[in-house]
There are 2 protein chains.
Amino acid sequence: MPEQTAGSRPTLEAVAARAGVSRATASRVVNGGEGVRPPLVDKVRQAVEELGYVPNHAARSLVTRRNGAVAVVIAEPEMRIFSDPFFEQQVRGISRELTAHDSQLVLLWVEGPGDHDRIARYLGGGHVDGALAFSLHNDDELPALIGRTKIPMVFGGRPAAGADLTVPYVDADNRGGAREAVRHLVSRGCRNIAHIAGPRDQTSAQDRIDGYHDVLVDADPDLLCQGDFTEASGARAMAELLDRRPDVDGVFVSNDLMASGALRTLRERGLRVPEDVALVGFDDMVSVVGTTEPALTTVRQDIEGMGRLMVRLLMRLLNESGGAAPASVITPTTLVRRASA
Amino acid sequence: MPEQTAGSRPTLEAVAARAGVSRATASRVVNGGEGVRPPLVDKVRQAVEELGYVPNHAARSLVTRRNGAVAVVIAEPEMRIFSDPFFEQQVRGISRELTAHDSQLVLLWVEGPGDHDRIARYLGGGHVDGALAFSLHNDDELPALIGRTKIPMVFGGRPAAGADLTVPYVDADNRGGAREAVRHLVSRGCRNIAHIAGPRDQTSAQDRIDGYHDVLVDADPDLLCQGDFTEASGARAMAELLDRRPDVDGVFVSNDLMASGALRTLRERGLRVPEDVALVGFDDMVSVVGTTEPALTTVRQDIEGMGRLMVRLLMRLLNESGGAAPASVITPTTLVRRASA
DNA sequence: GGGCATGGTGGGAGCGCTCTCAAACCGTCC
DNA sequence: GGACGGTTTGAGAGCGCTCCCACCATGCCC
């Protein structure tokens, strides 16, 4: 463990002395200045300025019993997901909102089941005020693990059934977005609308499938094709689909990456988009959406906003510690119409 | 800012009472047990166990003046680099080593120049013991910014000339690795060896160019082609190269991603690798190297190890606060021979 | 057998801050 | 003019921990 970081920094005591007030008053000013008369506020502020005073975090934590830090728990297998712009955006939102709340982001990297003990100890050890985690796979033990530490937490993404339901989460309206996408294809006049789905062990993918079925109750099972959210799987799925049902004229694809793969297959097969086959994606990921030809119609979700929301929910959880757990939030999605459908 | 994280946790006082010793002795045991007789050590350990005691970090920080946290500063434009497996691996290494040192990773996300103030204040505010930053572009102001805060820090990657030279860094032996790659092409009998370079404002790319020139002192300038580390730029550069000098028979590419692009172009032009053109990449990135056809010969650098090294260097810096700054470390690279050269 | 190192232990101060509580102050009203 | 209510202010008590230092057993030597 490291050592002292700098020469002795000025204490509140010093500020108070310089401003000619008591430590208590100085403290009040530093923490907002409520109930202190303006002239004194100014004096203290000036002293702070002159001395370059910065509050000692540890001392403050010690008495307030809060430490102004939130853990973002990332499981090793999901780390690859940093390559996923989705995750990046979410972390960005979290980071921004945390900054706004004067809290810091402590990255907790879970190396695998063998690492669970360490994580639980850390989380339970009162180093952070709360935790943010992502529930990506149904078989993920992480949520349960964190749940056991009894630390306030919020999930990103709806946890699979079976997970602790008292833990609030933030998720996009995957099902509603899917419905809107499919309805859009219907309204365009598409008759045989297929769905290229994401991995079924992810609730988001499953919800999108459900949304598809909400609109197309009796859809031919042949029109449902499985992908794994990668571009290649989208291309493959599209080919499969075309082989099974050459008459498909509309496809709702579970994410943009797969949609771009599907687009590639369609192009290779000489099919026009949207004339022969209309395509709707999901995510509205700039890196994909901006580059496809034709531009991709897709369902947008505010990923960064979801990240921010996770933090807000956690903060609420922390501040109303006694009260009931805040409700989860489902953020709306919007259909962004471009050229592909 | 958040609130108390759990019900009152046991204090050292409680542990001491239960073990029938003084708080001082309990503290000694918790911190290693030096100079405490075995029977007492056992008693205290047992009390810790039974009570589920976890030291209060804030209280400890308050007196030790260390806070067991290290900032990893990531500039917004570089964040995209999380999609770069390079960065991911480096952060992984950092995370692991930090864990080994009982320190936590505080992620500091710099949103742009407007954010510099906040970062400087945070870094200077004694919240973390030190900082780790990446110096990726010559024009990056971040290193200078952190430097001004006088906080102990270590760079990942050699900073551009002009940066604070007293700050130690960890970098791969880019120049040496490049030399080895080019020499390998020479020994294979290649006569016209080209280089597809990375962005010149990155020292790593420049160093690789220099290594190329070390071996091929009088290389035809036409044999040097500029890329930007993306797959597409590699493909484009290879095409350009082929147009300018159809007689190239060997290419050293500044990273694997560009090499895979170059490979694509070569395939499209009907050229055999390595028979017609031999190819050597840089990085040994699994995701690329494993998928190319033929398998890519490349220069490996131990990226995760570099991350760990950054942490070790920082720890040394922190522990020998008085002494001279530790020297920077250049980690060796190794040529991994596969099929492409 | 008393003096003296030696290593083990406990007492207690204090890290820098917040927060309670009582004192001091002000203006107002009877 | 004094009592009273309300607002500011300051004194002081900790928060939980580490670490200095005095203390106390030992064991050893002369």
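Computed from a predicted structure; not experimentally measured. Per chain, numbering begins at 1; letters A, B, ... match sequence-line order.
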Item to check | B:Y53 OH - D:dG16 C1' separation (whole Å) | outcome: 7 Å
Next on the checklist: Let me check the geometry of the helix from C:dG1-D:dC30 to C:dC30-D:dG1. What is the bend angle between the axes at its two ends, five pairs each, to 10°?
Outcome noted: 70°
Checklist entry - Between the main-chain N or O of A:G124 and the side-chain N or O of B:R9, is there a donor-acceptor pair closer than 3.5 Å? => result yes
Next on the checklist: Does C:dG16 have its OP1 or OP2 closer than 4.0 Å to a side-chain nitrogen or oxygen of A:T11?
Outcome noted: no
Checklist entry - Can any side-chain N or O of A:S61 pair as donor or acceptor with the backbone N or O of A:H57 at less than 3.5 Å? => result yes
Item to check | Spacing between A:E13 atom CD and D:dG10 atom P, to the nearest angstrom | outcome: 12 Å
Checklist entry - Between A:T64 (side chain) and A:R60 (backbone), is there a donor-acceptor pair under 3.5 Å? => result yes
Next on the checklist: Can you list everything that forms a side chain to side chain donor-acceptor pair (under 3.5 Å) with B:D42? Sequence neighbours excluded, please.
Outcome noted: none
Item to check | A:L62 CG to D:dG14 C1', straight-line distance once rounded to whole Å | outcome: 9 Å
Checklist entry - If only side-chain N and O atoms of A:T25 are considered, is one of them under 4.0 Å from the OP1 or OP2 phosphate oxygen of D:dG10? => result yes
Checklist entry - Whole-Å distance between D:dG16 C1' and B:L12 CG? => result 8 Å
Next on the checklist: By nearest atom, which of the nucleotides D:dT18, C:dC17, D:dG10 is closest to the A:R28 side chain?
Outcome noted: D:dG10
Next on the checklist: Between A:D129 (side chain only) and A:A69 (backbone N and O only), is there a donor and an acceptor less than 3.5 Å apart?
Outcome noted: yes
Item to check | Nearest-nucleotide 5' precedence on DNA chain C, B:V63 against B:V36 | outcome: B:V36
Item to check | Exam field: side chain B:D115 to backbone B:V110, donor-acceptor pair closer than 3.5 Å | outcome: no
Item to check | Protein-nucleotide distance (A:E34, atom CD; D:dT7, atom C1'), rounded to Å | outcome: 13 Å
Next on the checklist: Taking A:S95's backbone N and O only, do any of them form a donor-acceptor pair with A:T99's side chain (distance below 3.5 Å, no angle check)?
Outcome noted: yes
Checklist entry - Can you tell me how far P of C:dC26 sits from CZ of A:R37, to the nearest Å? => result 7 Å
Checklist entry - Between A:R65 and D:dG16, is there a side-chain N or O to OP1/OP2 distance below 4.0 Å? => result yes
Checklist entry - D:dG12, C:dG10, C:dG16: which one has an atom nearest the side-chain heavy atoms of B:V21? => result C:dG10
Expected rows: protein N/O vs nucleotides 22-26 of chain D N/O, under 3.5 Å:
none

Checklist entry - Looking only at N and O atoms, is any donor in the side chain of A:R23 or the base of C:dT18 less than 3.5 Å from an acceptor on the other one? => result yes
Next on the checklist: Check this for me, if you would: do B:R96 and A:E111 make a salt bridge, where the nitrogen-to-carboxylate-oxygen distance has to be below 4.0 angstrom?
Outcome noted: yes
Item to check | C:dC15 OP1/OP2 closer than 4.0 Å to side-chain N/O of A:N56 | outcome: no
Checklist entry - Quick one: is B:S27 getting a side-chain N or O under 4.0 Å of the D:dT18 phosphate, OP1 or OP2? => result yes
Next on the checklist: Is the phosphate of D:dT18 approached by B:R60 (side-chain N or O, under 4.0 Å from OP1 or OP2)?
Outcome noted: yes
Item to check | Whole angstrom value for the distance that separates C1' of D:dC17 from CG of B:N67 | outcome: 15 Å
Checklist entry - Taking NZ, NE, NH1 and NH2 as the nitrogens, is one of them in B:R18 or B:E50 under 4.0 Å from a carboxylate oxygen of the other? => result yes
Item to check | Main-chain N/O of B:P168 paired to B:S328 side chain as donor or acceptor, under 3.5 Å | outcome: no
